[in-house]
Protein chains: 2
Amino acid sequence: MTDDIRQLSQKLAPAQPLPSRVASILSQEISSGRLKPGDRLPTEHQIAESLGISRNVVREAIAQLRADGLVRARQGAGAFVMEPEERLAIRLDPTDLENIEGMEGLFELRALLEGEAARLAAMRRTDDDLAEITAALEDMRGDEKWSEGSIEADLVFHRAIAKATGNAYIHTFVCFICDQIRRSIHMARYANQIKQLVEVNVGEHVVILDALKAGDPEAARSAMVHHITEAGRRIGVILRNEQSNAAEGIAAS
Amino acid sequence: MTDDIRQLSQKLAPAQPLPSRVASILSQEISSGRLKPGDRLPTEHQIAESLGISRNVVREAIAQLRADGLVRARQGAGAFVMEPEERLAIRLDPTDLENIEGMEGLFELRALLEGEAARLAAMRRTDDDLAEITAALEDMRGDEKWSEGSIEADLVFHRAIAKATGNAYIHTFVCFICDQIRRSIHMARYANQIKQLVEVNVGEHVVILDALKAGDPEAARSAMVHHITEAGRRIGVILRNEQSNAAEGIAAS
DNA sequence: ACAAGCAAATTTGTCCTACAACCCTATAAC
DNA sequence: GTTATAGGGTTGTAGGACAAATTTGCTTGT
């Protein structure tokens with residue numbers, strides 16, 4: 001209920017914070033090529049005046065760009081666009097994920113990363129990790145909170161596996177990619193059909209968990225790749241070359 | 001008040017802009033768990049006063065955190081720490097990379113990602129891709145610009161392979177991780193010994209390129225994993241389980 | 001005429017104050 | 001007891017002022 005209100009207010013409100021909108025404008029100027037690396041962008045005063053806003057707002061916008069390593073401000077000289085290789089953060093453009101090609105690319109990356117993560121997790125998982133993963137699986141199949149809870153439990157399952165690798169970076173990256181996918185999916189028509197597919201989904205998770213329990217790296221990796229490939233197919237994403245790989249996986253398990 | 005500023009500037013890098021330093025402090029408060037998701041962080045006034053700075057600076061710092069999705073500010077209510085799953089960007093803390101454990105984790109992730117990238121590239125690379133990769137290799141072995149140029153050419157080589165996967169996300173992530181590593185390495189004592197090791201390094205690249213030319217996915221992956229493992233070992237990073245994998249790779253090639 | 005150095009203009013960095021918009025709570029009125 | 005309202009607190013935006021640093025151009029000395 002409150003979710004509906006929040007969605008609506010997000011959708012309709014042009015009242016996204018002003019500095020963020022200015023930051024979007026500027027970053028679009030950069031990514032579109034109108035401002036090339038090395039260029040100096042207009043002075044804060046000029047930007048403020050041309051947009052009819054205060055210099056404070058402009059400074060906050062530039063602070064956001066600076067945090068991403070998109071521009072570098074030098075006192076007395078100006079703010080300059082930096083080389084694309086120097087960026088300090090990864091931020092995915094949500095609009096890239098609205099079409100199916102973007103989703104396919106992201107799913108491929110996800111299968112790749114999480115497949116390897118499952119392999120490492122099979123070798124390194126502690127008993128605590130296993131308990132956490134098992135608990136997440138129980139949450140998935142358990143309650144009636146399908147629409148919201150099962151998706152959440154699904155994510156907890158995947159995150160727990162990434163954490164079981166013992167590598168904080170892998171954990172960070174897997175979490176990030178999964179969340180990007182979830183955010184995009186939530187916007188689409190996914191929750192509708194998930195109800196019928198929960199059993200299948202849970203079944204695939206069980207295969208993964210079994211491989212982790214057995215400590216079989218290749219089986220874990222194959223099962224994870226297969227699961228993600230299938231999960232993608234359920235929402236219309238078809239991966240190019242992983243099908244054969246996934247087939248191997250299902251045959252091996 | 002000014003004492004606080006002096007303390008603060010002594011504590012952290014003196015050259016970094018003030019708002020970024022404040023953002024680091026706050027984000028550290030969050031990642032260390034002193035501020036948990038859902039918590040409201042102190043008011044801008046309190047932060048400003050406690051650090052002896054202006055509210056303007058605090059606002060710019062919070063703007064950076066907001067851009068990353070680390071906090072969400074609601075007018076009239078306050079700024080709240082968001083769930084870690086809601087992050088919009090990945091930013092690696094440079095201090096995490098100063099110790100050897102952080103480097104090991106990042107190298108493991110890199111081997112994983114780039115290994116798979118090489119596998120995909122072997123299947124999908126176009127002739128144009130191959131030409132680009134070959135050119136990068138030529139640049140590496142060619143000129144006398146060892147200290148700077150060869151490192152750069154090395155990166156170009158890896159980036160070109162990631163691009164040859166045809167997956168923009170893989171390309172983005174690989175570029176990002178490589179840059180993080182390069183930035184850390186540049187700070188360290190890497191360029192000193194690279195001169196003696198260029199031949200070895202080039203040799204490993206040749207193996208990768210041959211596998212890509214032949215279109216052999218597994219050989220490409222193995223060679224890449226081996227190369228990254230060795231590159232890590234050259235600067236003191238030892239990966240846990242990839243050695244055996246790399247041994248397979250070198251045996252297969 | 002040339003060079004070095006100095007001074008002024010420009011630009012970002014920081015601080016300050018003020019007010020609007022908004023949220024939350026406590027109090028008052030019914 | 002419930003609702004309305006008023007108040008304080010907090011973020012959002014505006015605008016002005018000065019400090020710090022850089023760039024540029026001009027002056028001045030040789």
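Chain naming here is simple, since letters A, B, ... match the order of the sequence lines and numbering starts at 1 in each. No hydrogens, no waters, no symmetry mates; every other heavy atom, side chains included, goes into these values.
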> So, do A/H158 and A/H227 have ring centers that fall under 6.0 Å from each other?
Replying inline: yes

> Any idea how A/F173 and B/F176 line up, ring-wise: parallel (<30°), tilted (30 to 60°), or perpendicular (>60°)?
Replying inline: tilted

>> When you measure from the side chain of B/N167 to the backbone of A/G105, do you find a donor-acceptor pair of N or O atoms at a distance under 3.5 Å?
In response: yes

> Could you give all pairs that pass the side-chain hydrogen bond (donor to acceptor under 3.5 Å, both in side chains) test and reach residues 62-77 of chain A, with sequence neighbours left out?
Replying inline: A/D68-A/R91, A/D68-B/R91

> Salt bridge between A/K163 and A/D128, side-chain N to carboxylate O under 4.0 Å?
Replying inline: no

> When you check every protein heavy atom under 4.0 Å of nucleotides 9-16 of chain D, what one-letter string (B, S, -) results, 5' to 3'?
Replying inline: BBBBBBB-

